[in-house]
Undergrad: 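Dropping the structure in here first, questions after.
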Amino acid sequence: MSRRRILVTSALPYVNAGIHLGYLVEALQTDFWLRFQRLRGHEVRYFCGDDTHGTATMLRAEREGRTPESLLEEMKAAHVADLVGFGVVHDHYGSTHSAANEAFVAEIWSALRAAGCIDEREVTQFYDPEAGIFLADRFVVGGCPRCKSPGQYGDNCEVCGATYEPGDLIDPKSAISGAAPEERSHVHLFVRLEEFHAFLEEWTQAPGRMPPETANWLRGTFLAEPLRDWDVSRPAPYFGFEIPDAPGNYFYVWVDAPIGYIAATREWCDTTGEDLDRWWRDPECEIHHFIGKDIAYFHTLFWPVMLKAAGFQLPKAVHVHGFLTVNGEKMSKRKGTFVLARTYLDHLSPEYLRYYYASKLSSRVDDIDLNFDEFVQKVNADLVGKVVNLASRTARFVKGERLPATYPANRDGGLFAAGAAAGEEIAAAFESLDTSKAMRLVMGLADRANEFVESREPWNLKKDPARAQELLEVCAIALNLFRQITVYLAPVLPRFAEESARLLSLDGGTSWADAARPVEGAIVAKFQHLMERVDPEKVAAMIEASREAAQASEVEAAARGRAGGSGTDAPALAGEPLAPECTIDDFARVDLRVAEILEAKAVPKADKLLELTLSLGGEERRTVFAGIKKAYAPEDLVGRLTVVVANLAPRKMKFGTSEGMVLAAGPGDSELFVLSPDSGAKPGQRIR
RNA sequence: GGCGGUGUAGCUCAGUCGGUUAGAGCGGCGGCUUCAUAAGCCGUAGGUCGGCGGUUCAAGUCCGCCCACCGCUACCA
């Protein structure tokens, strides 16, 4: 096979968040693949960097009373350290907030201008007169126009799932200052994507370009109708790059984020003397992006359009992975399953997670689950019990001795040759990102090697000095099979592979082809522990530490006057600000009553609604629809006391009229917590 | 409701162009071994391949319908 030239990227981590186990799915999948390609002898370069721009960065820097730049520098250092801690090493890790990036953004922008596909149009948006900035939907909060739940974002309601415009909110407030926003219009710039429709159709549907799930999704959604214009500008103030020919306007983050891939390459070229065009303007170079399914749309529609317009090489493949769940559910800060990379490293070896992810990942876009019980069991059984043990149980018999000058291939039952032959199948699995298959194949080799040791009983040979030669051969075979396995595992477990090589007095420089060449005449070093077993207590300690960290950050957020978000990717301003001050008279207008839940039943055609029959004492009954179906089973609610807004105007809904509102806290979905009075309260009593 | 995806042994998953008795790993159970990081080896577990119907000499594997779950989207509060 000829030597391929491959440029690899992982999605740019957002500067305002720490690296966590979810992002590591991507970073490690990328790392497995590129290390594999390097072992195969290809020329591979890996670029990434921080995604820095946007309102959130600007606001956080303001809040912390520092420049965005110092914030960026600190976060980048932390990100790089975390990734390096997991063995993920980039050729260059840049930032979207760089001169190089600004230059490429300008270049691509002028190409889009030249192509004549930029439009200008007025956009009316909420504006915070106190903070002096336009508010994205996420920065406007207010009452949901449909279910009246307070504190909802400007684009959709987390309680009832309604979608609407920020202007529809009841009593909208800026999430930044709490001020009442006003509507203002401003010119925005748009890219007319529809002109690229045919190109995108052809490009996205090309075989191997992206997983079939993703290609089908695009074909069935965006590409099925005319593409909408893409709003690429944001009015000042905005932390980002000013649009050169439209002063006062800034590029939307998703314009400059992917361009950061090119900018990182540029900076690398500047330090190494490499030629950028050899990587970004050469059809011989393969560009591979690794991304999560949530950002497939940016990488498969806008990104290729920008590249095409500016004459850059288009990606050969966009590799899409699913999300990470932990113990079968969405990562939860409250449960301690939202684990930062740093927290993991404080407790456990990165190799465990590398192997576990490798054993779970395939080329599918499926979500993968990190089940900690399975994690412990799998790592210990496969890596320690099967692989490490293979060396551990044989090396000591021949410590300090020299392996035969010729590998005794006629005495290994064809195992080494079979292992070498399996190399291409394993390689194909790595190539197609099917590392779970690769790991399965490798473990099969380890099984056969252990059977071999079992059948030859080197421990008995050891007892008979006359059979020393036979013992040496048996061990030479076992150690060579071990060596073969470590080569195949090297993309996933590079440190382990390197340390294993030392057992046979080999220095680094492993290549895939080494798996087909037996080691002959080498001195066997003293066996040293290559890997500790996973201690379940350390896993528990890590989860506990994550839970505590999450609580600490919530306290911190509360101290800033905001409740901490509990979502896995809550933006910095996830919480809602305190509502404006009210008087006791204002409060008295809301008549809160203790209510007993007499009946509760699921509304069949609604995802989120339960129909509750409440008693307010005596014969007073109320029917209330509550959006808590995902959090409560109806039977668990019957007989409970709760708190209801008793004088809320009745609301006609598709399924009936709701005559009140049951109070609950939490972000929504399954994370909802209905209020209960202390024991002793009676239905109908007023809450004041 | 629409679109996409998924549904194979307790768990995690393989099953290539449809072809003979449906597989692996882990767990469980029984036995062996004791060199090895309480590791290893052997045996075993019998799952309506989500359901129904169709095409075919032959379907887990193709087609249709249905069900469940996940995602996106819509609608309804």
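The shown structure was predicted, so the numbers you read here are calculated from the model rather than taken from an experiment.
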Undergrad: Strictly by Watson-Crick or wobble contacts shorter than 3.5 Å, is anything paired with B:A58, and which nucleotide is it?
TA: none
Undergrad: Under 3.5 Å, side chain of A:D434 to main-chain N/O of A:A429, donor-acceptor pair present?
TA: no
Undergrad: With C1' as the reference atom in both, quote the distance from B:U34 to B:G23 in angstrom, rounded to an integer.
TA: 32 Å
Undergrad: Tell me the partner of B:C75, counting only Watson-Crick (N1-N3 plus N6-O4 or O6-N4) or G-U wobble (N1-O2 and O6-N3) with both under 3.5 Å; none if nothing fits.
TA: none
Undergrad: Counting side-chain heavy atoms from C-beta on, which of B:A39, B:G40, B:A36 comes nearest to A:K386?
TA: B:G40
Undergrad: Does A:E473 offer a backbone N or O that forms a donor-acceptor pair with the side chain of A:Y407 under 3.5 Å?
TA: no
Undergrad: Taking 4.0 Å as the cut-off, does a side-chain nitrogen or oxygen of A:K437 come that near to OP1 or OP2 on B:A24?
TA: no
Undergrad: Could you tell me how far apart A:W459 (CH2) and B:C35 (C1') are, to the nearest whole angstrom?
TA: 6 Å
Undergrad: Could you check whether A:K293 gets within reach of a base, just the sugar-phosphate, or nothing at all, counting any heavy atom under 4.0 Å?
TA: nothing
Undergrad: Rounding to an integer number of angstrom, what distance separates B:C42 and B:C26 when you compare their P atoms?
TA: 10 Å
Undergrad: Taking atom C1' in both B:C35 and B:U21, what distance in whole Å separates the two?
TA: 39 Å
Undergrad: Nearest-nucleotide wise, let me know which of A:T394 and A:D382 is further upstream toward the 5' end of RNA chain B.
TA: A:D382
Undergrad: Within the 3.5 Å criterion, strictly below it, is a donor on A:N460 or A:R467 matched to an acceptor on the partner's side chain?
TA: no
Undergrad: Considering Watson-Crick and G-U wobble pairs with both distances under 3.5 Å, what does B:C13 pair with?
TA: B:G23
Undergrad: On a whole-Å scale, what distance lies between the C1' atoms belonging to B:U33 and B:C41?
TA: 7 Å
Undergrad: If the cut-off is 4.0 Å, is A:R440 near the phosphate of B:C26, judged by side-chain N/O to OP1 or OP2?
TA: no
Undergrad: Where the side chain of A:E451 is defined as all heavy atoms beyond and including C-beta, which of B:A36, B:U37, B:C41 is the nearest nucleotide?
TA: B:C41
Undergrad: Using 4.0 Å as the upper bound for N to carboxylate O, is an ion pair formed by A:R393 and A:E454?
TA: yes
Undergrad: Looking at A:F323, is A:K293 sitting on its ring face, NZ or CZ under 6.0 Å from the six-membered ring centre and within 45 degrees of the normal?
TA: yes
Undergrad: Determine whether the side chains of A:W303 and A:H289 contain a donor N or O and an acceptor N or O closer than 3.5 Å.
TA: yes
Undergrad: Taking any strand in view, what nucleotide pairs with B:A38 in a Watson-Crick or G-U wobble way, both distances under 3.5 Å?
TA: none
Undergrad: If we take the P atom in both B:G51 and B:U8, what is their distance in whole Å?
TA: 10 Å
Undergrad: Can you tell me the base-pairing partner of B:G18? Count Watson-Crick or G-U wobble geometry only, both distances below 3.5 Å, and say none if there is no partner.
TA: none
Undergrad: For B:U55 versus B:C63, give the span between their P atoms, rounded off to a whole number of Å.
TA: 15 Å
Undergrad: Could you work out the separation of B:G10 and B:G2 based on their P atoms and round it to a whole Å?
TA: 33 Å
Undergrad: Atom CG of A:D464 and atom P of B:C35: how far apart are they, to the nearest Å?
TA: 16 Å
Undergrad: If I take atom CZ in residue A:R448 and atom P in nucleotide B:C41, what distance separates them, rounded to the nearest angstrom?
TA: 12 Å
